[in-house]
There are 2 protein chains.
Amino acid sequence: MAHLHDLTKNQTLVLDALTKWDGPASAYSLLDQLRAQGFRAPLQVYRALDKLIEYGLVHRLESLNSFVACAHPHDHAHGLVAFAICDTCGQVDEFSDETVERRLKGWAKEHSFRLAKTTIEMRGICANCTAQ
Amino acid sequence: MAHLHDLTKNQTLVLDALTKWDGPASAYSLLDQLRAQGFRAPLQVYRALDKLIEYGLVHRLESLNSFVACAHPHDHAHGLVAFAICDTCGQVDEFSDETVERRLKGWAKEHSFRLAKTTIEMRGICANCTAQ
DNA sequence: TGGTAGATGTAATAACATTACGATCCTTCG
DNA sequence: CGAAGGATCGTAATGTTATTACATCTACCA
Ligand SMILES: [Zn+2]
Ligand SMILES: [Zn+2]
Ligand SMILES: [Zn+2]
Ligand SMILES: [Zn+2]
């Protein structure tokens, strides 16, 4: 597992851009954001994102084809993570649930399914947006 | 909720193709499959898939950008559904878990998150593939 | 000094999805 | 009957997301 000081220049740029971004960002919107810093091609972003995801500093939101900075970047070994994504404002809430994790791992064990990665994404409307 | 006999010609063609398909299929692979039946453009597939998903007869696998026929097409009102997807052979196992559903709905309620749709996808290697 | 592993730069292409517009079919009701 | 409205369909063009291929650079060390 890498620490912050292990990040390369491109990885740092991408992580910074994503951290400052309000909500999930697509790889191409990050690219646009980073053109000022010399980025020219999608692959520069995708390569950095791959590493950041590997390090647990970024998560990919499968249902949006987008990326978010980890909300708990110091929990390097956080287990299963779930996301609540507001379809109105784009806000993303990252959380964990021990029970859900135990149940899904239990299913995998029962079925001899060698679990590598779990995606949990809830789509809906957040409290703020509902209130308005 | 529509029954089978309500499906249009295109919807029926897409559902049949998907049902016969071994594993998840992308929209474009379905299109290729259906060219013999006169399909010409991606939109023909996407439109049919949209309806089939709305009717609960097809599920979209977000982490694969692909689609599968529902494994329990007669449970028209099935609640939360989870998928275990084998990264080796592509086999997809569709299942439900009351506890997981209750926990996630509980989180949503606690946070006043108006939940519309939940995606749960486990990626890994299935029992068969592990054995080999 | 040369080898090698990781990171980078760039162009081209592939894969996935939507917008826009018009035609067609079908039901409903004046 | 015939117009109105809605759902479906056909087609082209375009937009968005992701990867392949290949050359280069850099740090490290046998
Ligand atoms: Zn996280
Ligand atoms: Zn919101
Ligand atoms: Zn189903
Ligand atoms: Zn398998």
Side-chain angles (χ1 to χ4, degrees), chain A residues 1-18 21 23-55 57-68 85 87 90 119 121 123, chain B residues 1-18 21 23-55 57-68 85 87 90 119 121 123:
Chain A
M1 185 62 69
H3 295 83
L4 274 175
H5 67 271
D6 290 320
L7 297 183
T8 67
K9 178 166 167 265
N10 283 5
Q11 287 159 19
T12 304
L13 286 168
V14 169
L15 182 56
D16 285 354
L18 199 48
W21 200 274
S26 73
Y28 277 76
S29 58
L30 289 169
L31 173 58
D32 287 341
Q33 186 74 8
L34 290 167
R35 286 192 193 280
Q37 279 84 65
F39 274 48
R40 309 287 306 279
L43 200 49
Q44 298 176 284
V45 178
Y46 281 111
R47 287 203 273 230
L49 286 172
D50 282 349
K51 285 295 179 186
L52 292 169
I53 290 169
E54 183 185 326
Y55 300 157
L57 299 173
V58 165
H59 300 291
R60 176 181 168 83
L61 299 176
E62 300 288 355
S63 68
L64 292 176
N65 292 328
S66 295
F67 305 85
V68 285
I85 302 164
D87 289 328
T119 297
E121 296 176 18
R123 303 285 295 268
Chain B
M1 184 64 66
H3 295 83
L4 274 174
H5 68 271
D6 291 318
L7 298 182
T8 67
K9 178 165 167 265
N10 284 3
Q11 288 160 17
T12 304
L13 286 168
V14 169
L15 182 57
D16 284 354
L18 200 47
W21 201 275
S26 73
Y28 277 75
S29 59
L30 288 169
L31 173 58
D32 287 342
Q33 187 74 7
L34 290 167
R35 285 191 193 282
Q37 279 83 66
F39 275 48
R40 309 288 305 279
L43 201 48
Q44 297 178 286
V45 177
Y46 283 110
R47 285 204 272 230
L49 286 171
D50 283 349
K51 284 296 177 187
L52 292 169
I53 289 169
E54 184 187 326
Y55 300 156
L57 300 174
V58 165
H59 301 292
R60 176 180 169 85
L61 300 176
E62 300 288 355
S63 68
L64 292 177
N65 294 328
S66 293
F67 305 85
V68 283
I85 302 165
D87 288 330
T119 296
E121 296 176 18
R123 303 284 295 267

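Predicted, not measured: the structure shown is a model, and the values here were computed from it. Note on naming: letters A, B, ... go to the chains in the order of the sequence lines (proteins, then strands), and numbering restarts at 1 for each one.
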Handout entry: Any B/T8 side-chain nitrogen or oxygen under 4.0 Å from OP1 or OP2 of D/dA7
Key = no
Practice task
For B/L7 and D/dA7, give me the distance from atom CG to atom C1', rounded to whole Å.
Solution key: 14 Å
Practice task
Verify the stacking flag for A/Y28 against D/dT17: centroid separation must be under 5.5 angstrom and the ring planes must differ by under 30 degrees.
Solution key: yes
Completion exercise
Per atom distances to the B/R47 side chain, the nearest of D/dT17, C/dA17, D/dT11 is D/dT11
Fill in the blank from the handout: Nearest-nucleotide check on DNA chain D, B/A48 vs A/L64; residue mapping nearer the 5' end is B/A48
Problem - For B/R60, the option from B/T119, B/D50, B/N65 that meets side chain to side chain donor-acceptor pair (under 3.5 Å) - result: B/N65
Handout entry: Interatomic spacing from CZ in B/F67 to CG in B/L49 - rounded to 0.5 Å
Key = 5.0 Å
Practice task
Can you tell me the distance, in whole Å, between the CZ atom of A/R40 and the C1' atom of C/dT8?
Solution key: 13 Å
Completion exercise
A/L31 CG to D/dG15 P, in whole Å, measures 17 Å
Practice task
Write down the atom of A/A25, the atom of A/L18, and the distance for their closest heavy-atom approach.
Solution key: CB-CD1, 3.7 Å
Handout entry: N/O (side chain, B/N65) to phosphate O (OP1/OP2, C/dA17) under 4.0 Å
Key = yes
Problem - Rounded distance (Å) that lies between atom P of D/dT8 and atom CG of B/L52 - result: 11 Å
Practice task
Measure from the side-chain heavy atoms of A/Y46 and tell me the nearest of C/dT10, D/dT17, D/dT8.
Solution key: D/dT17
Problem - N or O in side chain of B/K51 less than 4.0 angstrom from D/dT8 OP1/OP2 - result: yes
Practice task
Consider the side chain of A/L43, meaning its heavy atoms from C-beta on, and name the nucleotide among C/dT8, D/dT8, C/dA11 that approaches it most closely.
Solution key: C/dA11
Exercise for the section: Round to a whole Å and report the spacing from CZ of B/F39 to P of D/dC9. Expected result: 8 Å
Practice task
Round to the nearest Å and state the distance from A/E62 atom CD to C/dC16 atom P.
Solution key: 14 Å
Problem - Residues A/E121 and A/R123 bridged, charged N to O under 4.0 Å - result: no
Problem - Nearest-0.5 Å distance, CG of residue A/D87 to OG of residue A/S63 - result: 8.0 Å
Handout entry: Atom-to-atom span, CG of B/N10 to P of D/dA7 - whole angstrom
Key = 17 Å
Exercise for the section: Check whether any side-chain N or O of B/Q44 sits under 4.0 Å from OP1 or OP2 of D/dG10, and answer yes or no. Expected result: yes
Problem - Length of the line joining A/L30:CG and D/dA18:P, which is rounded to integer Å - result: 11 Å
Exercise for the section: Ignoring backbone atoms, establish whether A/R60 has a side-chain N or O less than 4.0 Å from OP1 or OP2 of D/dA18. Expected result: yes
